[in-house]
Amino acid sequence: QVHLVESGGGSVQAGGSLRLSCAASGYTNYMGWFRQAPGKEREGVATIYSGIGSTYYADSVKGRFTISQDNAKNTVYLQMNSLKPEDTAMYYCAARVGGGIWSLLASNYNYWGQGTQVTVSS
């Protein structure tokens with residue numbers, strides 16, 4: 001089993017930046033960041049293929065968010081710049097362990113962190 005722990009959430013003003021971290025306790029095939037605002041569906045934000053470093057982003061965050069990894073620390077990061085009020089949500093780190101299609105669909109991930117709140121004020 002893989003244990004995921006997110007950190008780095010908080011409250012910032014529009015246009016500000018925040019960096020989220022996700023520490024994994026074991027090997028993952030790929031990892032991703034998801035977010036869910038009250039009353040809305042969970043949506044994929046960004047994903048990274050752990051062994052290679054290839055990335056993919058949702059259109060809504062392209063050019064503003066960057067996902068990266070530190071293999072030595074077994075940690076994935078989400079750098080969020082130019083934050084907007086619509087980015088406000090609970091952000092979740094997720095991982096896929098075992099073979100599977102690489103995507104931003106939540107159903108492809110089998111481990112989840114507890115979530116960290118990001119609030120962007122106007």
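In what follows, every heavy atom counts, from backbone to side chain, and hydrogens, waters and symmetry copies are set aside.
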T88 to A37 - nearest heavy-atom pair and separation
O-CB, 3.7 Å

Apply salt bridge (charged side-chain N to carboxylate O under 4.0 Å, His left out) to K62 and list each qualifying residue two or more places apart in sequence or on a separate chain.
D59

Checking N74 side chain against G26 main chain: does a donor-acceptor pair fall under 3.5 Å?
yes

Sequence neighbours excluded - ring pair (Phe, Tyr, Trp, His ring centres under 6.0 Å) pairs with any residue from residues 38-86
Y49-W102

Cluster link V45 to V120, ILVMFWY, side chain under 4.5 Å
yes

Of all pairs that satisfy disulfide bond (SG atoms under 2.5 Å apart), the ones with a partner from residues 53-82, not counting sequence neighbours:
none

Exam field: side chain Y30 to backbone V97, donor-acceptor pair closer than 3.5 Å:
no

Excluding sequence neighbours, so at least two apart, what forms ring pair (Phe, Tyr, Trp, His ring centres under 6.0 Å) with Y91?
none

I'd like to know if F34 and L20 are part of one continuous hydrophobic network [Ile/Leu/Val/Met/Phe/Trp/Tyr, side-chain heavy atoms within less than 4.5 Å].
no

Apply the hydrophobic cluster definition, ILVMFWY joined by side-chain contacts under 4.5 Å directly or through others, and give me every member besides V5.
none

All salt bridge (charged side-chain N to carboxylate O under 4.0 Å, His left out) counterparts of R64, not counting sequence neighbours:
D87

Q79: what forms a side-chain contact (heavy atoms from CB on, under 4.5 Å) with it, not counting sequence neighbours?
S17, R19, T66, N81

Shortest non-hydrogen contact between S21 and T75, atoms and distance:
CB-CG2, 4.4 Å

Specify the closest pair of heavy atoms between M31 and A95, including all atoms of both residues, with the distance to one decimal.
CG-CB, 4.1 Å

Is there a side-chain contact between R96 and T28 (heavy atoms, below 4.5 Å)?
no

Should V2 and V76 be regarded as members of a common hydrophobic cluster, given that ILVMFWY residues are connected when their side-chain heavy atoms come within less than 4.5 Å of each other, either directly or indirectly?
yes

Are the side chain of S54 and the backbone N or O of I52 linked by a donor-acceptor pair below 3.5 Å?
no

Quick check: do V12 and V118 have side-chain heavy atoms less than 4.5 Å from each other?
no

Restricting to side-chain contact (heavy atoms from CB on, under 4.5 Å), what partner residues turn up for S60, sequence neighbours left out?
R35, A58

With sequence neighbours left out, what residues match E86 under salt bridge (charged side-chain N to carboxylate O under 4.0 Å, His left out)?
none

Please, which pairs that meet disulfide bond (SG atoms under 2.5 Å apart) have at least one residue in residues 64-95, sequence neighbours excluded?
C22-C93

Residues in ring pair (Phe, Tyr, Trp, His ring centres under 6.0 Å) contact with Y92, at least two apart in sequence or another chain
none

Can you pull the side-chain hydrogen bond (donor to acceptor under 3.5 Å, both in side chains) pairs that have at least one residue in residues 106-116, sequence neighbours excluded?
E6-Q114, T47-Y109, S103-N108

